[in-house]
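First the structure, in the form of structure tokens, and then the observations on it.
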Amino acid sequence: MVLQKTTARLIASPDIWIEGEALRQLEQTAALPGMRAAVGLPDLHPGKGYPIGAAFLSERIYPALVGNDIGCGMGLWQTDLAIRKFKPERAAERLTGLEGPWDGDLAHWRVDHGLTPTAFDQALGTIGGGNHFAEWQTLAEVLDPSALAELDLDPERLLLLVHSGSRGLGESVLRAVIDRHGHLGLEPESTAARDYLKAHDQAIHWAEANRRLIARRLLNALGTEAERRLDVWHNLVQPIDWAGETLWLHRKGAAPADRGPVVIPGSRGTLSYLVKPLIQPRLKSAPETDASLRSLAHGAGRKWKRGEARGRLSARQRPDDLQKTALGGHVICEDKELLYDEAPEAYKAVDRVVADLVDAGLCRVIATLRPVLTYKVRHPAHKQPGARKTKRGRR
DNA sequence: ATGTGC
């Protein structure tokens with residue numbers, strides 16, 4: 001028997017910056033037992049042991065490849081708000097109280113969305129930290145009017161894009177499986193795999209419901225309504241029929257190319273892209289999309305590691321400067337470290353990322369979206385004055 | 001990414 005080493009494939013032009021560490025991680029992951037294919041998308045960047053911006057097809061299930069934020073993804077709503085009536089400063093004043101538990105009827109809401117209770121439900125409807133956000137956007141340029149019409153998007157109305165995941169729930173699911181089984185991956189027919197997949201599936205639905213509740217809370221704060229136009233997961237593992245064989249497709253920071261249009265967000269200081277994956281809907285397949293494991297980039301991709309941005313930027317940009325962007329957008333982020341970490345400079349050029357996908361024949365641009373107001377976080381609860389669990393006296 | 005951690 002000859003053991004063939006799976007080689008990693010990278011979809012990216014030489015023009016785009018890809019860290020050596022990310023490529024090393026991609027190759028190492030491609031060499032895991034049972035791995036059939038590994039693809040790095042143009043937003044590829046290093047993660048904790050495994051790269052982000054990648055898709056993997058394997059015989060085994062690797063929970064660590066999905067990571068802790070199981071079900072993280074993007075939801076897009078079209079609101080009833082007319083763009084010309086939207087005042088970002090006024091809206092910003094009304095967006096408060098979104099970090100704590102929702103004050104609505106959670107039990108009822110859970111039933112409506114098919115969720116069973118978990119120990120993490122007080123976080124339902126909260127955005128979280130890191131690269132998560134909720135952003136009010138307008139259509140900037142429309143390149144494919146008929147695809148836009150198919151999505152029923154009205155250029156006169158404000159959009160709301162929500163990026164969040166499964167918060168503490170996904171973290172607990174990953175920790176439990178890694179504590180018991182390490183990083184070796186799970187045999188799909190095993191009890192361990194069944195247990196993980198059950199918890200994983202609960203987490204992806206919790207994450208989707210979380211995005212819904214985040215949207216609802218933001219819409220309520222502005223006294224308006226909206227309709228969801230798309231919602232996709234970019235962190236998950238799923239069984240997939242691959243030429244008659246059932247294999248496991250892992251997406252770690254990779255948007256699906258087989259679930260209709262997706263938003264590829266830039267940083268808060270750049271446009272985002274609404275794209276149409278080029279896949280034949282009836283066949284759910286095409287040579288290019290199979291080569292990319294039916295996946296697309298999930299964003300611009302980090303250029304600077306977390307914690308690096310403050311040192312690089314603080315000399316030339318004060319926190320106040322960071323609350324306005326080059327495109328004229330406003331930013332609500334009262335966590336200073338996060339304000340720097342998520343600065344536009346910390347990300348690669350999303351235009352290049354999307355151009356690489358288009359050049360590879362993977363998608364077409366429907367429209368670009370302009371950020372108007374980006375909501376990250378108000379004073380984090382544990383950093384509120386008086387909330388410190390300090391043991392030291394003041395003298 | 002994370003009720004983050006001594």
Side-chain angles (χ1 to χ4, degrees), chain A residues 21-22 25 43-54 62-75 98-102 106 117-134 162-179 183 196 199-200 202-204 206-208 210-211 213-214 232-237 250-255 265 267 298-302 304-310 333-342 346-347 375-384 386-392:
Chain A
E21 173 66 7
Q25 290 181 344
D43 57 335
L44 188 78
H45 60 280
K48 200 181 152 198
Y50 308 94
I52 300 162
Y62 287 97
L65 282 187
V66 179
N68 62 303
D69 198 2
I70 302 164
C72 187
M74 312 286 319
L98 297 166
E99 278 66 39
W102 184 47
L106 192 61
T118 79
F120 301 89
D121 292 354
Q122 67 273 40
L124 258 175
T126 63
I127 294 169
N131 56 359
H132 291 170
F133 63 82
V162 176
H163 176 207
S164 190
S166 53
R167 314 283 283 107
L169 176 61
E171 162 77 17
S172 80
V173 171
L174 178 66
R175 200 176 46 238
V177 70
I178 295 297
D179 283 352
H183 286 245
Y196 169 71
H200 164 283
Q202 184 183 26
I204 65 170
W206 195 101
E208 181 184 352
N210 188 38
R211 289 188 286 276
L213 189 52
I214 290 165
V232 295
W233 295 295
H234 52 225
N235 290 350
L236 90 172
V237 58
H250 303 68
R251 291 197 176 105
K252 174 57 175 174
S267 73
H298 80 312
R302 289 199 81 85
W304 296 345
K305 280 192 263 297
R306 286 206 176 100
E308 227 175 62
R310 194 171 185 164
C333 182
E334 297 177 354
D335 179 323
K336 216 170 276 180
E337 189 72 23
L338 189 57
L339 192 57
Y340 280 103
D341 260 348
E342 295 296 312
Y347 283 86
Y375 189 101
K376 295 290 286 181
V377 70
R378 295 281 187 190
H379 293 295
H382 64 282
K383 287 183 183 170
Q384 292 260 15
R388 288 184 64 201
K389 287 180 279 181
T390 177
K391 289 162 209 141
R392 264 183 302 177

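Only heavy atoms go into these numbers, but all of them, side chains included; no hydrogens, no water, no symmetry mates. This one's a predicted model, so the numbers in the text were calculated from it and none came from an experiment. Sequence lines set the chain letters: A, B, ... in the order given, protein chains first and strands last, and positions in each chain run from 1.
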Length of the line joining [X]:[atom1] and [N]:[atom2], which is rounded to integer Å:
X      : N     : atom1 : atom2 : answer
A:K48  : B:dA1 : NZ    : P     : 13 Å
A:W206 : B:dA1 : CH2   : C1'   : 13 Å
A:L174 : B:dT4 : CG    : P     : 16 Å
A:E171 : B:dT4 : CD    : C1'   : 8 Å
A:L124 : B:dT2 : CG    : P     : 13 Å
A:N131 : B:dT2 : CG    : C1'   : 13 Å
A:R302 : B:dA1 : CZ    : P     : 7 Å
A:E99  : B:dT4 : CD    : P     : 16 Å

>> Tell me whether A:E342 is salt-bridged to A:R302, with the criterion being a basic N under 4.0 Å from an acidic carboxylate O.
In response: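 Answer for the salt bridge query: yes.
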
Select base, sugar-phosphate, or nothing to describe what [X] touches, counting heavy atoms under 4.0 Å on all strands.
X      : result
A:G129 : sugar-phosphate
A:A119 : base
A:G128 : sugar-phosphate
A:R306 : base
A:G130 : sugar-phosphate

Can you give each donor-acceptor pair under 3.5 Å made by side-chain atoms of residues 44-51 of chain A, sequence neighbours left out, with the distance rounded to 0.1 Å?
unit_1: A:H45; atom_1: ND1; unit_2: A:D43; atom_2: O; d: 2.9
unit_1: A:Y50; atom_1: OH; unit_2: A:H183; atom_2: ND1; d: 2.7

>> Is it the case that the base of B:dA1 and the side chain of A:D69 share a donor-acceptor contact (distance under 3.5 Å, atom types as modelled)?
In response: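 Not at all, since no donor on one side and acceptor on the other fall under 3.5 Å apart.
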
> Is there a ring pair (Phe, Tyr, Trp, His ring centres under 6.0 Å) between A:H163 and A:H234 once you walk through the steps?
Replying inline: CA-CA 10 Å; A:H163 176 207; A:H234 52 225; 5.1 Å; yes

> So, for A:A123 and A:N210, which heavy atoms are closest and what is the spacing to 0.1 Å?
Replying inline: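 Looking at all heavy atoms of both residues, the shortest contact is O-OD1, 3.7 Å.
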
> Residues in salt bridge (Lys or Arg N to Asp or Glu O under 4.0 Å) with A:R175, at least two apart?
Replying inline: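 A:R175 satisfies salt bridge (Lys or Arg N to Asp or Glu O under 4.0 Å) with A:E171 once adjacent residues are dropped.
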
